[in-house]
Number of protein chains: 2
Amino acid sequence: MTSLRHVAERAQVAVSTASAALNRTRPVAEATRRRVEQAAAELGYRPNLLARGLQSKRTRILALLFPAPHSGFGLTEMQFATGAAEAASELGYHLLLSPESADPMEELRHLTGLGLVDGVLLMEVRLDDERPEFLSESGVPFSMIGRTRDPGSIDYADIDFAATARDAVAHVAGLGHRKLAFFNLSGDTYAAQYGPAIRAAAEFAAAAEEAGLAYVGDFRPGSAEAGGRAFERLMQEHPDVTALAVMDDHAAVGVIAAVARRGWRIPEDLTLLLVLSSARVAEMFHPRLTTLEPPSAELGRLGARMLIDRLQGDGPPQQRLVPCRLVVGDSSAPPREGVMA
Amino acid sequence: MTSLRHVAERAQVAVSTASAALNRTRPVAEATRRRVEQAAAELGYRPNLLARGLQSKRTRILALLFPAPHSGFGLTEMQFATGAAEAASELGYHLLLSPESADPMEELRHLTGLGLVDGVLLMEVRLDDERPEFLSESGVPFSMIGRTRDPGSIDYADIDFAATARDAVAHVAGLGHRKLAFFNLSGDTYAAQYGPAIRAAAEFAAAAEEAGLAYVGDFRPGSAEAGGRAFERLMQEHPDVTALAVMDDHAAVGVIAAVARRGWRIPEDLTLLLVLSSARVAEMFHPRLTTLEPPSAELGRLGARMLIDRLQGDGPPQQRLVPCRLVVGDSSAPPREGVMA
DNA sequence: TAGGTTGTGCGAAACGTTTCGACCACCGTA
DNA sequence: TACGGTGGTCGAAACGTTTCGCACAACCTA
């Protein structure tokens, strides 16, 4: 392990001068600096991050707190991690993957007490999440992927549900549909105040109203079976629904099966949209489903970047909303004739 | 930040004694130890990992080197990460997510030079991968998820392709099939010496032969379209094939579509197996596909654990093979009558 | 009673940085 | 000639641990 002392000796300067020369932290004569830099290069010198962190109180390590892979842990969630890791890496930071234990608060206390990380990246944020408050009080810099009910002046990057809902509604309205139904995430998830579930519910309803579409939004199937049952009940209670947006991959499977059982076809008899699912998943279906793809990696990148910005110096809080990308597949088409309400 | 010095003062002992008491690194009088522990508890003392690491040369941080999400980055790969992170966490270690840049060697050099990590976890290992050699020469402890052609005495955890192929073959043979085809990963992946592609090819062929099944193994479609075309060519050249194992999700989609175009049904006219895909994905299909699910999280856990074992002390190399789990779905059935060869 | 052994605790050094006050030579100016 | 400023460098302290040699008392044994 070659240390700064070796570099200094080889360049015939004091350790402190070598440090200053390499970090350009204070003026050093041009010739000296060159000598030091050459010595460092020749020795393949790498500053020891631990020593540096110990002294400067800054480790350039970020922690991504990710929840236990409880129910379903999708590709989507994982892309937060890879996006954040990439952005961090590009900016000279490292990303620590911290699985959340049974007691998230204790986990946080532990993690931040170690002096190992400069900041924390939160994901899977609930509307009434208590972690942000804890972090604020502890004075630990952090940012969120997702957001609480009232994020105040906390940095966050989240999906723009309003724009996403508008895009979805505009898409089906543009095809001529007059009545839209929306299947939310599972009832449990909704009850747990999971942000996307709550926000999507509100925004889809609002967007439908604004566009003058009739709307049904009170279904929250959490599985393929529940999805199939929900679809049958939907058709019974609202036979005039011609377009359906589903936010749960598995529920969509059930819907598709139920559609087939009924002798119907997609998109001729029903326009089906998949919300918050990756195009990779949408391609698994036949026909290929029209999808509102969440900008997961992008959100991860943004979250990491704004946290790093915050660490560097403090500007105003950054709060970014990014809409889902509408990927039109083969599951959307104008409604069939007979049902025009 | 409360440091060991504070604890020592409050407990009326020297810093070194406090350290010894807390770490039980050398005998300390029972009464003293209790006093120290109580002081530490009252102050909420957390040892500073940086200082500890600087001194002891051990940070208890592992790096997971994960490749850029080039082509497709599946759920499977990501579960390595979460599995490894969990296992590490349970053993008091942390996991650093290190995206691999364009130059993996340089990245490695950089990462290990920093003194930040105790060891490295490699994934996506190619048969002729050069990273293991580099790490061996650098004296950096590491383990692999996957393995090179000749892993020598390096720790690794990998899929047991032989057992997996035997299980798959036994499953279809048990149903009465006489001829099996296998669609490998894409030709590019195969050509790049990606371990799973090469090993699966060899082991499926061997298992089929051993079981006395006729076998076709030279298809490597990399997409839905290619999968469909491959299936059509397969039926043309080998009309007596009644069972097909596919190792690429997207290719499977193409196969299913081609089967439908032909007016056939699954499983009545074709038994279809999905290899190396998660049950979550398999459920997306209709009918639900029989799957050989890779033990991804398990491999991640094993990889982390054996690396930590290696760091603690050195036993013999650990080399673990774990077979895929056969999840029988609705896509496998006895062959239809007419084709019995 | 002298010498050795054991149990317990202390102080100082070390890990590799960064930071900060001090120092020195040199120059321009009064 | 003396003096303040300045650009460049140095040495020492500090960050929070662990480790190691040493000291001291008490106790046992010959």
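This one's a predicted model, so the numbers in the text were calculated from it and none came from an experiment. Protein chains get the first letters and strands the later ones, always in sequence-line order, with residue 1 at the start of each.
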Hey, is the main chain of [Y] close enough, under 3.5 Å, to the side chain of [X] for a donor-acceptor pair?
X	Y	result
D118(A)	T59(A)	yes
R58(A)	G53(A)	no
T17(A)	V13(A)	no

[N] [atom2] sits how many Å from [X] [atom1], rounded?
X	N	atom1	atom2	value
R33(B)	dG7(C)	CZ	C1'	15 Å
H6(B)	dG16(D)	NE2	C1'	11 Å
E30(A)	dG7(D)	CD	P	16 Å
R5(B)	dT17(D)	CZ	P	10 Å
L4(B)	dT19(D)	CG	P	13 Å
L116(A)	dT17(D)	CG	C1'	14 Å
R35(A)	dT9(D)	CZ	C1'	11 Å

task: Please determine, by modelled atom types, if Q319(A) and D155(A) share a side-chain donor-acceptor pair under 3.5 angstrom.
output: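 Short answer, no.
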task: Assess the side chains of Y194(A) and E124(A): does a donor N or O sit below 3.5 Å from an acceptor N or O?
output: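 Yes, a side-chain donor-acceptor pair sits under 3.5 Å.
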query: So, are R199(B) and D158(B) salt-bridged, with charged N and O less than 4.0 Å apart?
result: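 Answer for the salt bridge query: yes.
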task: Would you indicate whether E90(B), at its atom CD, is surrounded by more than 12 heavy atoms from other residues, nucleotides or ligands within a distance under 6.0 Å?
output: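 Enclosed: over 12 neighbouring heavy atoms sit under 6.0 Å from CD of E90(B).
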Considering only nitrogen or oxygen atoms on both sides, find all protein atoms under 3.5 Å from nucleotides 20-24 of chain C and state each distance.
unit_1: dG21(C); atom_1: O6; unit_2: R26(A); atom_2: NH1; d: 3.4

message: Just so I know, are the side chains of N23(B) and R52(B) near enough to count as touching, which here means a heavy-atom distance under 4.5 Å?
response: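 Contact flag for N23(B)/R52(B) side chains = yes.
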- prompt: In residues 41-59 of chain A, which residues come under 4.0 Å of DNA chain C by heavy atom?
  reply: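 DNA chain C contact set from residues 41-59 of chain A: Y45(A), R46(A), P47(A), N48(A), A51(A), R52(A), Q55(A).
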